[in-house]
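Take a look at the structure set out below.
What's counted below: heavy atoms across the whole structure, side chains too, no hydrogens, waters or symmetry copies.
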Amino acid sequence: MSLPKIKEARDLSDAEIAEQILAVKRQLMNLRLQQATGRMEKPHLFKHARHRLAQLMTVERERQILADLALAQELATAKSEQAASATGG
């Protein structure tokens, strides 16, 4: 099994990303439980799950940053328009 690709995470919607993050966190918890009880058969799944979680959280953060930038641009535009109308421009 190969590592998941970031493109797959970028194709998901925001809601799907949040859902996937929770699912991967649950998977990691179950893997830790299996490891603690000695039932771990595939230890490489830790790496895959952590890798997937990092990808999902990265995409989520990228989208937050883009949304913050868009909001900041809207506020700057509104502020400049307000200043122009206040000076009679």
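- When all heavy atoms of Val24 and Arg52 are compared, the pair lying nearest together is CG2-CG, 4.0 Å.
- Closest heavy-atom contact between Pro4 and Glu8: CB-OE1, 4.2 Å.
- With sequence neighbours left out, Ser13 forms a side-chain contact (heavy atoms from CB on, under 4.5 Å) with Ala15, Glu16.
- To the nearest 0.5 Å, the span separating CG on Leu66 from CZ on Arg61 amounts to 10.5 Å.
- When every heavy atom of Gln82 is checked against every heavy atom of Ser85, the shortest pair comes out as O-OG, 2.9 Å.
- In this structure, the side chains of Val59 and Arg63 come closer than 4.5 Å at one or more pairs of heavy atoms.
- With values rounded to the nearest 0.5 angstrom, Glu60 atom CD is found 11.5 Å from Leu12 atom CG.
- Once rounded to the nearest 0.5 Å, the distance linking CD1 of Ile17 with CG of Leu22 reads 12.5 Å.
- The distance from atom NE2 of His51 to atom NZ of Lys5, rounded to the nearest 0.5 Å, is 7.5 Å.
- Taking CG from Leu28 and NE2 from His48, the interatomic distance works out to 12.0 Å, rounded to the nearest 0.5 Å.
- Note on residues 33-42: pairs passing side-chain hydrogen bond (donor to acceptor under 3.5 Å, both in side chains), not counting sequence neighbours, are Thr37-Arg39.
- With hydrophobic clusters built from ILVMFWY side chains whose heavy atoms lie under 4.5 angstrom apart, Leu33 does not share a cluster with Leu53.
- Scanning all heavy atoms of the two residues, the minimum distance from Leu56 to Gln20 falls at CD1-CB, 3.5 Å.
- Taken to the nearest 0.5 Å, the CG atom of Asp14 stands 9.0 Å off from the CD atom of Gln64.
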